[in-house]
Amino acid sequence: MLKYYETVGKVTILKMLLKIIVRLAASYARQGLYAFRFFSLKEHLFSALQALA
């Protein structure tokens, strides 16, 4: 019976860790996406300025 609870505890901890990792990955992905968008926007502005000049 104790073994069962140990296994359940380990699974619960693993699930929590997975949730945390997924959340972190999602937030990093979002930040990366914004950074990429901002970067591409800067590139577009730069090329537009070069075209004007």
Side-chain angles (χ1 to χ4, degrees):
M1 201 63 188
L2 189 66
K3 205 78 173 163
Y4 170 77
Y5 282 118
E6 279 179 17
T7 309
V8 169
K10 282 179 187 167
V11 169
T12 308
I13 290 167
L14 280 173
K15 277 184 184 174
M16 280 171 61
L17 279 173
L18 264 175
K19 271 186 188 174
I20 291 167
I21 290 166
V22 166
R23 278 186 191 157
L24 278 175
S27 66
Y28 274 127
R30 247 182 253 132
Q31 285 174 0
L33 196 66
Y34 285 137
F36 180 72
R37 275 189 197 157
F38 183 68
F39 183 72
S40 58
L41 188 71
K42 266 195 341 194
E43 289 288 311
H44 283 308
L45 282 171
F46 194 66
S47 55
L49 282 172
Q50 276 185 331
L52 283 172

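Nothing here was measured: the structure is a model prediction, and the numbers come from that model.
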For this session: Output the rest of the hydrophobic cluster of L17: all Ile, Leu, Val, Met, Phe, Trp and Tyr residues reachable through side-chain heavy-atom contacts under 4.5 Å, sorted by chain and number.
Result: I13
Using a 3.5 Å cut-off and no angle test, enumerate the donor-acceptor pairs between side-chain atoms of residues 41-53 and protein atoms at least two apart in sequence or in another chain.
unit_1 : atom_1 : unit_2 : atom_2 : d
S47    : OG     : E43    : O      : 3.1
S47    : OG     : H44    : O      : 2.8

For this session: Could I get the full list of side chain to side chain contact (heavy atoms under 4.5 Å, CB included) partners for Q31, not counting sequence neighbours?
Result: Y28
Problem set entry | Check: L18 and L14 side chains under 4.5 Å, non-hydrogen atoms | no
Seminar exercise, completed: With sequence neighbours left out, the residues meeting side chain to side chain contact (heavy atoms under 4.5 Å, CB included) with V8 are Y4, T12
